[in-house]
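So the structure is just underneath, and the comments pick up after that.
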Amino acid sequence: MVAPSTKRVVLFASGSGSNVENIVHYFQGRRDVTIAMVLTNKRDAKVLERCNKLNISALYFNKTAFLKSDGVLDILKGLNPDLIVLAGFLLKIPANLLLQFPDKIINIHPSLLPKYGGKGMYGHHVHTAVKANGEKETGITIHYVNERYDEGAIIHQAKTTLLKTDSVDLIAEKVHQLEFAHFPKIIDQLLQ
Ligand code: GAR
């Protein structure tokens, strides 16, 4: 039974969902926070398998419906979220959602924004560019979502050091570790 005061979080993901899994584990057993649902735009995303194992409700939606109708908006209104969290979600959030949930949608980006942000900069594309430019550090940015990719107000950043010998996969792994350590805690803080 979920108490009326329980904070409700809705997660969006497009891919593997390791952040989703980590967030679900973090809040497991908490009576004051519930993961109301996971939404995905990819019918075959691994996150759906994870949700099944974790016993979390998940729903696939079609990209066109997302961008061109109020279908997803209506689902969200029904879920009544306190916070909407993009955890590896790759579509731009349409205006109808931004208008309905001002300052309630946050994203995690796998670089130190404003570096390596914008359209086409996601996942391995980011880490490949970081490696190609010989960066000595990279990190994560958790930020509010607005109408432009990766440009909303920054809530939190964390850094990790890179070595010349780090492969793109190792950079991705270092960044994921930062995401696992910081993202659930920041969500928790924002809900308080
Ligand atoms: C994460 O590293 C996240 O920061 C990134 O996608 C990955 C998803 O991993 N997000 C973006 O690149 C958004 N522009 P996961 O599916 O294993 O959680």
Side-chain angles (χ1 to χ4, degrees), residues 9-28 35 37-54 56 58-61 63 66-67 83-94 97-98 105-133 135 137-160 162 166-188 190:
V9 179
V10 172
L11 303 173
F12 278 70
S14 302
S16 161
S18 67
N19 274 287
V20 165
E21 182 160 353
N22 182 56
I23 292 164
V24 168
H25 282 311
Y26 177 94
F27 287 108
Q28 234 156 27
I35 307 300
M37 193 172 280
V38 175
L39 295 173
T40 184
N41 62 311
K42 292 274 179 203
R43 203 191 289 277
D44 56 354
K46 189 169 173 200
V47 69
L48 289 171
E49 264 172 57
R50 292 191 199 255
C51 289
N52 198 19
K53 284 193 191 133
L54 292 162
I56 295 285
L59 193 71
Y60 157 79
F61 60 82
K63 177 180 168 181
F66 178 60
L67 298 175
L83 196 64
I84 296 169
V85 176
L86 313 186
F89 183 67
L90 302 182
L91 298 179
K92 204 158 163 183
I93 299 298
L97 267 64
L98 293 172
I105 311 179
I106 66 167
N107 179 45
I108 190 158
H109 187 78
S111 77
L112 294 168
L113 290 174
K115 284 179 138 186
Y116 305 103
K119 195 166 167 44
M121 271 295 166
Y122 60 88
H124 260 61
H125 298 287
V126 173
H127 309 311
T128 304
V130 164
K131 166 92 184 153
N133 287 339
E135 296 283 358
E137 62 178 21
T138 189
I140 59 165
T141 303
I142 298 165
H143 64 93
Y144 287 104
V145 173
N146 67 12
E147 64 286 354
R148 286 187 299 278
Y149 270 116
D150 305 324
E151 288 187 24
I154 291 175
I155 301 163
H156 183 76
Q157 291 188 303
K159 289 179 185 176
T160 182
L162 298 178
D166 287 355
S167 64
V168 171
D169 281 349
L170 184 55
I171 296 172
E173 174 58 28
K174 286 181 168 181
V175 168
H176 258 124
Q177 290 310 320
L178 279 182
E179 295 183 332
F180 298 156
H182 291 261
F183 204 15
K185 286 187 191 159
I186 296 298
I187 294 168
D188 207 355
L190 292 172

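Order of appearance sets the numbers: ligands from 1, and atoms from 1 within every ligand. Note that the structure is a prediction, hence the values are computed from the model and not measured. The first residue of the sequence shown is numbered 1, and numbering continues consecutively from there.
Residues His25 and Gln28 bring a donor and an acceptor atom of their side chains to less than 3.5 Å of each other. In this structure, a donor-acceptor pair under 3.5 Å is present between the side chains of Arg50 and Ser16.
Contact of the Phe27 side chain with the Ile187 side chain is registered, since non-hydrogen atoms from C-beta on lie closer than 4.5 Å.
The minimum heavy-atom distance linking Gln177 with Glu173 is given by the pair NE2-OE2, 2.6 Å.
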What are the polar N/O contacts of ligand 1 with the protein below 3.5 Å, with distances?
{"residue": "ligand 1", "atom": "2 (O)", "partner": "Glu179", "partner atom": "OE1", "Å": "3.0"}
{"residue": "ligand 1", "atom": "2 (O)", "partner": "Glu179", "partner atom": "OE2", "Å": "3.1"}
{"residue": "ligand 1", "atom": "4 (O)", "partner": "Glu179", "partner atom": "OE2", "Å": "2.4"}
{"residue": "ligand 1", "atom": "9 (O)", "partner": "His176", "partner atom": "NE2", "Å": "3.3"}
{"residue": "ligand 1", "atom": "12 (O)", "partner": "Gly123", "partner atom": "N", "Å": "3.0"}
{"residue": "ligand 1", "atom": "14 (N)", "partner": "His109", "partner atom": "ND1", "Å": "3.3"}
{"residue": "ligand 1", "atom": "16 (O)", "partner": "Ser16", "partner atom": "N", "Å": "3.4"}
{"residue": "ligand 1", "atom": "16 (O)", "partner": "Gly17", "partner atom": "N", "Å": "2.7"}
{"residue": "ligand 1", "atom": "17 (O)", "partner": "Ser18", "partner atom": "N", "Å": "3.1"}
{"residue": "ligand 1", "atom": "17 (O)", "partner": "Ser18", "partner atom": "OG", "Å": "2.6"}
{"residue": "ligand 1", "atom": "17 (O)", "partner": "His176", "partner atom": "NE2", "Å": "3.3"}
{"residue": "ligand 1", "atom": "18 (O)", "partner": "Ser18", "partner atom": "N", "Å": "3.4"}
{"residue": "ligand 1", "atom": "18 (O)", "partner": "Asn19", "partner atom": "N", "Å": "2.9"}
{"residue": "ligand 1", "atom": "18 (O)", "partner": "Asn19", "partner atom": "ND2", "Å": "2.9"}

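Applying side-chain hydrogen bond (donor to acceptor under 3.5 Å, both in side chains) to Lys174 and the options Thr138, Asp169, Asp166 leaves one that passes, Asp166.
Partners of Asn22 under the side-chain hydrogen bond (donor to acceptor under 3.5 Å, both in side chains) rule, at least two apart in sequence or in another chain, do not exist in this structure.
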